[in-house]
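We number each residue from 1, following the sequence as shown.
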Amino acid sequence: MTSQQKDARRTLVTTPGDRDIHIERIFDAPRDRVFATYTDPELIPEWWGPRGTTTIVDVMDVRTGGSWRFVTRGEDGSETGFRGTYREVTPPERIVQTFEWEGMPGHVSVESATFEELDDGRTRVVTTSVFHTTEERDGMVGSGMEGGLRETYERLDELLARLAAG
């Protein structure tokens, strides 16, 4: 079984409503560690974004009312920015934030991520992204988001394994 096949079994991406994307993923790490990787600006560049990109944390003020901005740099040197605000931060259970690609300003989705500790020491992360319109949601799905997400989660798996090894 390839790593992509394993990942496809671990990551579930669905569109249950007209404006939302639902993502479920189980990580082989305790909830506190997974939550820390989502909220530590020094760890974000280790996993955020697909392979072949570099992520720079410009702003990351992880608190309710705080903001964030990341810049990804492709292998060709091109850069693109993403930003948002934190609407709710409840460690280590939940993050609600806005998400906006600076290439399409004004198209803002709201992402809710919950971190569920499983009995076997793993963590289920459930993320729901809600868009203003079905067209915005479909545009995100059609952008290749799912492939980039799977690569991002593979990178997060690798980081979590390195952190566990010490």
Side-chain angles (χ1 to χ4, degrees), residues 7 10-50 53 55-72 80-118 121-157 159-160 163:
D7 183 74
R10 297 178 62 176
T11 304
L12 176 64
V13 179
T14 59
T15 53
D18 291 343
R19 299 182 303 129
D20 50 336
I21 300 172
H22 181 90
I23 302 163
E24 288 189 37
R25 170 67 181 226
I26 294 175
F27 295 97
D28 295 332
R31 178 171 66 172
D32 287 346
R33 186 172 300 136
V34 175
F35 191 86
T37 61
Y38 271 74
T39 57
D40 184 333
E42 293 188 19
L43 295 177
I44 292 295
E46 302 278 330
W47 66 273
W48 205 87
T53 63
T55 298
I56 300 156
V57 175
D58 180 39
V59 175
M60 191 170 183
D61 181 12
V62 185
R63 61 178 176 82
T64 300
S67 61
W68 64 275
R69 181 175 185 268
F70 303 159
V71 177
T72 59
T80 188
F82 303 88
R83 65 181 172 207
T85 57
Y86 295 102
R87 292 185 171 184
E88 177 188 340
V89 178
T90 307
E93 302 168 7
R94 182 173 160 87
I95 300 171
V96 179
Q97 66 185 34
T98 61
F99 179 94
E100 180 180 17
W101 173 46
E102 293 176 353
M104 290 188 64
H107 297 277
V108 180
S109 63
V110 177
E111 297 180 343
S112 302
T114 58
F115 302 77
E116 178 187 355
E117 192 165 64
L118 303 177
R122 297 183 305 160
T123 301
R124 176 182 297 129
V125 178
V126 177
T127 304
T128 301
S129 297
V130 180
F131 297 81
H132 287 285
T133 66
T134 303
E135 290 75 22
E136 286 181 6
R137 192 268 324 258
D138 290 349
M140 178 62 80
V141 171
S143 73
M145 172 221 66
E146 190 170 344
L149 175 70
R150 289 185 192 284
E151 286 183 22
T152 296
Y153 281 165
E154 285 175 8
R155 292 180 68 200
L156 180 53
D157 278 335
L159 172 62
L160 291 166
L163 293 172

(request) Give the intermediate values and the outcome of side chain to side chain contact (heavy atoms under 4.5 Å, CB included) for residues Thr15 and Val141. (result) CA-CA 9 Å; Thr15 53; Val141 171; 4.2 Å; yes
(request) Walk me through it: do Thr98 and Arg87 pass the test side chain to side chain contact (heavy atoms under 4.5 Å, CB included)? (result) CA-CA 7 Å; Thr98 61; Arg87 292 185 171 184; 3.5 Å; yes
(message) I'd like to know whether Ile21 forms a side chain to side chain contact (heavy atoms under 4.5 Å, CB included) with Met145, so could you lay out the CA-CA distance, the side-chain angles of the two residues, the decisive distance to 0.1 Å, and finally the verdict.
(response) CA-CA 11 Å; Ile21 300 172; Met145 172 221 66; 4.0 Å; yes
(request) Go through the steps to decide whether Glu102 and Arg69 satisfy the test salt bridge (Lys or Arg N to Asp or Glu O under 4.0 Å), and finish with yes or no. (result) CA-CA 10 Å; Glu102 293 176 353; Arg69 181 175 185 268; 2.7 Å; yes
(request) Might you work through the salt bridge (Lys or Arg N to Asp or Glu O under 4.0 Å) test for Asp157 and Arg155, ending with a clear yes or no? (result) CA-CA 5 Å; Asp157 278 335; Arg155 292 180 68 200; over 6 Å; no
(request) Give the C-alpha distance, both sets of side-chain angles, the deciding distance and a yes or no for side-chain hydrogen bond (donor to acceptor under 3.5 Å, both in side chains) between Arg31 and Thr123. (result) CA-CA 5 Å; Arg31 178 171 66 172; Thr123 301; over 6 Å; no
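Proximity of Arg33 to Leu160: side-chain heavy atoms (C-beta onward) are separated by under 4.5 Å at one or more points. Residues Val126 and Ile23 fail the side-chain proximity criterion, which asks for heavy atoms closer than 4.5 Å. At a threshold of 4.5 Å between non-hydrogen side-chain atoms, the residues Ser129 and Asp20 do not count as touching. Between Glu154 and Leu156, the closest side-chain pair of non-hydrogen atoms is not below 4.5 Å. Looking at Trp101 and Thr80, their side chains come closer than 4.5 Å, going by heavy atoms from C-beta outward. Side-chain atoms of Val13 and Leu149, non-hydrogen and from C-beta on, do get closer than 4.5 Å to each other. Side chains of Tyr86 and Val62 form a contact here, defined as non-hydrogen atoms less than 4.5 Å apart. Between Thr90 and Glu93 there is a side-chain heavy-atom pair separated by less than 4.5 Å.
Thr37 approaches Ile44 most closely through the heavy-atom pair O-CD1, 3.5 Å. Residues Thr127 and Ala113 come closest through the heavy atom pair OG1-CB, 3.8 Å. Closest of all the heavy-atom pairs between Gly49 and Thr53 is C-OG1, 3.8 Å. Contact between Leu159 and Leu43 at its shortest, heavy atoms only, is CD2-O, 4.1 Å. Closest heavy-atom contact between Val57 and Pro41: CG2-O, 3.6 Å.
A salt bridge is defined here as a Lys NZ or Arg NE, NH1 or NH2 lying under 4.0 Å from an Asp or Glu carboxylate O, and Arg10 with Asp28 meets this definition. Ion pairing between a basic and an acidic side chain is recognised when a charged N comes within 4.0 Å of a carboxylate O; Arg150 and Glu146 show such pairing.
The CG atom of Asp40 sits 11.5 Å away from the CZ atom of Phe35 when rounded to the nearest 0.5 Å. For the atom pair CD1 (Ile95) and OG1 (Thr39), the distance works out to 6.0 Å, reported to the nearest 0.5 Å. Atoms OG1 and CD1, on Thr72 and Ile56 in that order, are 8.5 Å from each other to the nearest 0.5 Å. Expressed to the nearest 0.5 Å, how far CD of Glu24 lies from OG1 of Thr14 amounts to 7.5 Å. Atom-to-atom distance recorded for His22:NE2 and Leu12:CG is 6.5 Å, nearest 0.5 angstrom. One distance of note links CG of Asp138 with OG1 of Thr133; it measures 8.0 Å at 0.5 Å rounding.
Between the side chain of Arg137 and the main chain of Gly17, a donor-acceptor pair closer than 3.5 Å is present. Within the 3.5 Å criterion, the main-chain N or O of Val96 finds no donor-acceptor partner in the side chain of Ser112. Checking side-chain atoms of Arg19 against main-chain N and O of Phe131 turns up a donor-acceptor pair under 3.5 Å.
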Give the table of side-chain donor-acceptor pairs shorter than 3.5 Å for residues 103-111, with sequence neighbours excluded, one pair per line with atom names and distance.
| residue | atom | partner | partner atom | Å |
| --- | --- | --- | --- | --- |
| His107 | ND1 | Glu136 | OE2 | 2.6 |
| Glu111 | OE1 | Gln97 | NE2 | 3.2 |

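In this structure Trp48 satisfies the ring pair (Phe, Tyr, Trp, His ring centres under 6.0 Å) test together with Phe70, Phe82, sequence neighbours excluded. By the ring pair (Phe, Tyr, Trp, His ring centres under 6.0 Å) test, Tyr38 pairs with Trp47, Phe115, sequence neighbours left out.
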